[in-house]
Amino acid sequence: MKLEKIVSYLKQTGYVFQGSEIYGGLANTFDYGPLGSLLKDNLKRAWKKRFITESKYNVLFDSSILLNKEVWQASGHLAGFNDPLTECLSCNNRFRADHLITNYDNSINCDGWSNEKLLEFLNDKKIACPVCGKLKWSEIRQFNLMFKTNQGVIDNEANLVYLRPETAQGIFINFKNIQRTTRRKLPFGVGQVGKAFRNEITPGNFIFRTREFEQLELEFFCQPQTELKWFDYWLEEMKRFLVDLGLKKENISYHEHNEEELSHYSNKTIDILYNYPWGFDELWGIASRTDFDLKAHEVHSGVDMTYLDNETNEKYHPYVVEPSLGVERLFLAVIKDSLTEETLPDGTTRELLKIHPFLAPYQVAVFPLIRKRHQAKAEAVYELLSKELSVLYDETQTIGKRYRRQDQIGTPFAVTIDDETLANETVTVRERDTMEQITLKIDEVASYIKLKTKF
Ligand SMILES: [Zn+2]
């Protein structure tokens, strides 16, 4: 499926709009419409349910976006969170040198290449500017990806703060607070859902790479030497989550980082790739980060970040395994695997979003068959169901058109109120994928749909 088709579907249905549209837009920003914001919320709820609520190991956390700038000194982001930037001296557009090279030949991995090596490669292979076609690259320099702003009324270096480029550090600096107050023993994990910001040189592919994005991160703390066992455990949980959400197995693959690709602090990293419209690309990463983060914060803050094992009386820095997922990347994958067009027995076609019922923005739509005659009863049913489910009320146009509209946006059930309802309190419940209809008592509907839409 082409990306253009997905983008136009999402815009037309009210899932995703261009950011600041009436002012001509702001590049690489997107606003999530009534449907998109519900889907995003459901993706986050699914992750929290699986990785926090249903995990005996993990707790939830919510740190601030603005952190003391020493945090970024300690984490290495101030010195090392850079991308190699080059400018076309002919048209002045700026590019990531490593992206120019992988776009030229995607079997090449430039991780760890020096600026000089990148520039030499661009010139040797005559990789021209994608905008103007000239071959006039500037010297490559390292560009820091953190967004800067100022805290307080004075605009100077002293009150410079950064928007967090990841949620993880907020967890690391609170490790002692969390461990003390929850009285958890190792192993335990801390999960966080929240926005992060990276001033990417070349964002793109719609909502896949944006400068503002939302992360679902888990930092799992464990005893040294057990980290690779836990790495495998969480990798299996990640796979299970994606398949349970309805992603197609054939659209998922894995990439393990080799020596050259591994970050200096990691002893194992695997990317889960998804088959996006432009090919397989990173959806979810899991990294074994050793004890790098806690030790770094101990050195910079002077605060002891060790854990005391009461059984062995040993003191050590826990090791960390980090599965890190982007909400928008998952959003795009779910839409791509759910959007289909079906030919019906009568030869007509219907556009159908075969999304997992738990993720659907609305779990059920309520329709009065004839507005004038069935409206009051339909409104009463809406009121009843909306206490327990996400419900949409629709009384416009024919019943057939109303069904199609719900198929298109992925609503798994539709409840129709007709004369039978007025006579004996029953309604027709129609299922999205099979289009089969059953009759239920009004007071059975909520529990029936809850059972069919759970995750
Ligand atoms: Zn150019």
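Note that this is a predicted model, so its numbers are computed, not measured.
Donor-acceptor pairing under 3.5 Å is lacking for the side chains of Q363 and S390. With no hydrogens or angles considered, no side-chain donor-acceptor pair links E87 and N93 at under 3.5 Å. With no hydrogens or angles considered, no side-chain donor-acceptor pair links H300 and Q73 at under 3.5 Å. For the residue pair T226 / Q223, no side-chain donor-acceptor distance below 3.5 Å is found, with atom types taken as modelled. Between the side chains of S288 and N267, at least one donor N or O lies within less than 3.5 Å of an accepting N or O. Side-chain contact of H77 with Q169: a donor-acceptor pair under 3.5 Å is absent, judged by distance alone. For Y274 and D337, the side-chain atoms include at least one donor-acceptor pair closer than 3.5 Å.
In this structure, the ring of F213 has its center no less than 6.0 angstrom from the ring center of F197.
Only one option out of I252, L242, L273 pairs with L283 in a side chain to side chain contact (heavy atoms under 4.5 Å, CB included); it is L242. Residue N115 is tested with R141, E139, Q142 for a side-chain hydrogen bond (donor to acceptor under 3.5 Å, both in side chains); the sole match is Q142. When each of T269, N109, D271 is paired with H257, the side-chain hydrogen bond (donor to acceptor under 3.5 Å, both in side chains) condition holds for D271 and for no other. Shown are Y57, F221, Y307; of these, the ring-ring contact (aromatic ring centres under 6.0 Å, His included) with F188 is made only by F221.
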Working for side chain to side chain contact (heavy atoms under 4.5 Å, CB included), residues I207 and Y32: CA-CA 10 Å; I207 58 172; Y32 290 78; 3.3 Å; yes
Pair F220-Y319, side chain to side chain contact (heavy atoms under 4.5 Å, CB included): steps then yes or no: CA-CA 8 Å; F220 190 77; Y319 270 43; over 6 Å; no
Test log, rule ring pair (Phe, Tyr, Trp, His ring centres under 6.0 Å), inputs H255 and F280: CA-CA 10 Å; H255 170 71; F280 280 93; over 10 Å; no
Working for side chain to side chain contact (heavy atoms under 4.5 Å, CB included), residues N199 and F143: CA-CA 9 Å; N199 200 4; F143 175 77; 3.9 Å; yes
Candidate pair V303 and H297, rule side chain to side chain contact (heavy atoms under 4.5 Å, CB included), full reasoning: CA-CA 8 Å; V303 174; H297 286 302; over 6 Å; no
Pair E214-K195, salt bridge (Lys or Arg N to Asp or Glu O under 4.0 Å): steps then yes or no: CA-CA 4 Å; E214 202 157 14; K195 291 248 175 156; 5.3 Å; no
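Using a cut-off of 4.0 Å between Lys/Arg side-chain N and Asp/Glu carboxylate O, D304 and K315 are scored as salt-bridged. The pair E322-R289 counts as a salt bridge, with a side-chain nitrogen and a carboxylate oxygen less than 4.0 angstrom apart. Salt bridge absent: E200 and R211 never bring a charged side-chain N and a carboxylate O closer than 4.0 Å. A salt bridge links K40 with E328: at least one charged nitrogen is closer than 4.0 Å to a carboxylate oxygen. Under 4.0 Å is where a charged nitrogen must lie from a carboxylate oxygen, and between R405 and E351 no such pair does. Electrostatic pairing of R402 and D394 does not count as a salt bridge here, judged by no charged N lying under 4.0 Å from a carboxylate O.
The minimum heavy-atom distance linking K450 with E388 is given by the pair NZ-OE1, 2.7 Å. The minimum heavy-atom distance linking Y162 with L160 is given by the pair OH-CD2, 3.6 Å. Of all heavy-atom pairs spanning S20 and D31, the tightest one is N-OD2, 3.6 Å.
Taking the ring centre of F208 as origin, the terminal cationic atom of R329 falls inside the region bounded by 6.0 Å and 45° from the ring axis. Remark: R50 is not positioned above the aromatic ring of F241, lacking an NZ or CZ atom under 6.0 angstrom from the ring centre and at most 45 degrees off the axis. For the pair K239 and Y254, the distance from NZ or CZ to the six-membered ring centre is under 6.0 Å and the angle to the ring normal is within 45 degrees.
Between L3 and N205 the shortest side-chain heavy-atom distance falls below 4.5 Å. No side-chain heavy atom of Q18 sits less than 4.5 Å from a side-chain heavy atom of L26. Residues P323 and M238 form a side-chain contact, since some pair of their non-hydrogen atoms from C-beta on lies under 4.5 Å apart. P165 places a side-chain heavy atom less than 4.5 Å from the side chain of W72. Side-chain contact between M305 and K295 is absent, with no heavy atoms from C-beta onward closer than 4.5 Å. No side-chain heavy atom of I52 sits under 4.5 Å from any side-chain heavy atom of V59. L10 places a side-chain heavy atom less than 4.5 Å from the side chain of F331. I409 places none of its side-chain heavy atoms less than 4.5 Å from the side chain of P361.
In this view, K117 satisfies the salt bridge (Lys or Arg N to Asp or Glu O under 4.0 Å) rule with no residue, not counting sequence neighbours. Residues passing the salt bridge (Lys or Arg N to Asp or Glu O under 4.0 Å) test with D407, sequence neighbours excluded: R350, R404, R430. Scanning for salt bridge (Lys or Arg N to Asp or Glu O under 4.0 Å) contacts around K148 gives an empty result, with sequence neighbours left out.
Checking side-chain atoms of N58 against main-chain N and O of F51 turns up a donor-acceptor pair under 3.5 Å. Checked by atom type and distance alone, the side chain of Q408 never pairs as donor or acceptor with a backbone atom of L352 at under 3.5 Å. Side chain of R198 to backbone of M146: no donor-acceptor contact under 3.5 angstrom is found. Judged by distance alone, the side chain of T102 and the main-chain N or O of D98 form a donor-acceptor pair under 3.5 Å. T290 contributes a side-chain N or O that, together with a main-chain N or O of Y265, makes up a donor-acceptor pair within less than 3.5 Å. The backbone N or O of T306 sits less than 3.5 Å from a side-chain atom of K176, completing a donor-acceptor pair. The main-chain N or O of S63 is found under 3.5 Å from a side-chain atom of Q192 such that the two form a donor-acceptor pair. Of the possible polar contacts, none joining the R94 side chain to the T86 backbone as a donor-acceptor pair under 3.5 Å is found. Counting only distance, with no hydrogens or angles, the side chain of N258 and the backbone of E261 share a donor-acceptor pair below 3.5 Å. Put simply, the side chain of S266 never gets that close to the backbone of L262: no donor and acceptor are under 3.5 Å apart.
Using bins of under 30°, 30° to 60° and over 60° for the plane-to-plane angle, the ring pair Y233/W230 lands in the perpendicular bin.
The CD1 atom of I171 lies 7.5 Å from the CG atom of L218; values are rounded to the nearest 0.5 Å. Summarising the geometry, atom CG belonging to L100 is positioned 11.0 Å from atom CZ belonging to F121; distances are rounded to the nearest 0.5 Å.
The 12-atom threshold is exceeded at CD of E250, counting heavy atoms of other residues, nucleotides or ligands nearer than 6.0 Å. Around CD of E260, the count of heavy atoms belonging to other residues, nucleotides or ligands within 6.0 Å does not exceed 12. Within a 6.0 Å sphere centred on NZ of K452, heavy atoms belonging to other residues, nucleotides or ligands number 12 at most.
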